[in-house]
Amino acid sequence: MSYKKDYKKKVGYARFTRSEKKIKIPNKYFDNYAKQVDSLVSIQQDALLSIGPIGTIESIVWFLSQKKLTPAVVKKAIKKFGGKIPGIGTIYSLINYVYTYDKAVKAFNRIPGKAYWYK
C-alpha cells in the first residue's frame, strides 16, 4: 500500500497490491486512504522497535489471513510465532495493524474510479 500526491497536476495516486487509482485531489476518500497508509507505517515502525524485523508481523498477518480464525488456529499461531513476540504491547500492535490494514483496504475501495494495473 502506498500513495503519491502530485500537487502541480492536482492528482493523487493510490496503490494497493498491483492496483492503482488516479484521482483529482483534494478528495476525502483519497485523504482517508492516505491517513490509513500513514497509520500502517507508524504501527510498523513502532513494532520494529519492540520485536525486530517487521517480517514477523507480516508473517503472522499472512498466516492468520490464510485460515478461518478459530481458537485452534490462534493457538497454532501463538506456538509458531510466540517466541518472537515479546509482550502485550506487541500483541496490541498486531491487532491494531490488522484492524488498520482492513480499514485501509476499505478506504482504497471507496476511492472513486476504476483501479488499473500499474508497472
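Side chains included, hydrogens not; waters and symmetry mates left out as well; all remaining heavy atoms used.
- The pair Asp102-Lys106 meets the salt-bridge criterion, since a charged nitrogen lies less than 4.0 angstrom from a carboxylate oxygen.
- Here OH of Tyr116 is found 10.0 Å from OG of Ser19. Values are rounded to the nearest 0.5 Å.
- Cluster membership check: Phe108 shares its hydrophobic cluster with Ile25, using side-chain heavy-atom separations under 4.5 Å among Ile, Leu, Val, Met, Phe, Trp and Tyr.
- A distance of 10.0 Å separates CG of Asn32 from CG of Asn27, quoted to the nearest 0.5 Å.
- Cation-pi geometry between Arg110 and Tyr33 is not met: the NZ or CZ atom fails to fall both under 6.0 Å from the ring centre and inside 45° of the normal.
- Tested against Thr100, the residues Asp38, Leu40, Val105, Val37 include a single side-chain contact (heavy atoms from CB on, under 4.5 Å) partner, Leu40.
- Between the CG atom of Asp6 and the NZ atom of Lys22 there is a distance of 9.0 Å, given to the nearest 0.5 Å.
- Atoms NZ and CD1, on Lys21 and Ile111 in that order, are 6.0 Å from each other to the nearest 0.5 Å.
- Aromatic ring orientation, Tyr3 versus Phe30: perpendicular (interplanar angle above 60°, classes split at 30° and 60°).
- Note that CG of Asp31 and CD1 of Ile23 are 10.0 Å apart. Values are rounded to the nearest 0.5 Å.
- Taking a 6.0 Å sphere around OH of Tyr29, one finds it holds 12 or fewer heavy atoms contributed by other residues, nucleotides or ligands.
- Listed here is the closest heavy atom pair of Ala104 and Met1: CB-SD, 3.4 Å.
- A cation-pi arrangement, defined by a distance under 6.0 Å to the six-membered ring centre and an angle within 45 degrees of its axis, is present between Arg18 and Tyr118.
- How far NZ of Lys114 is from CD of Glu20: 14.5 Å, rounded to the nearest 0.5 Å.
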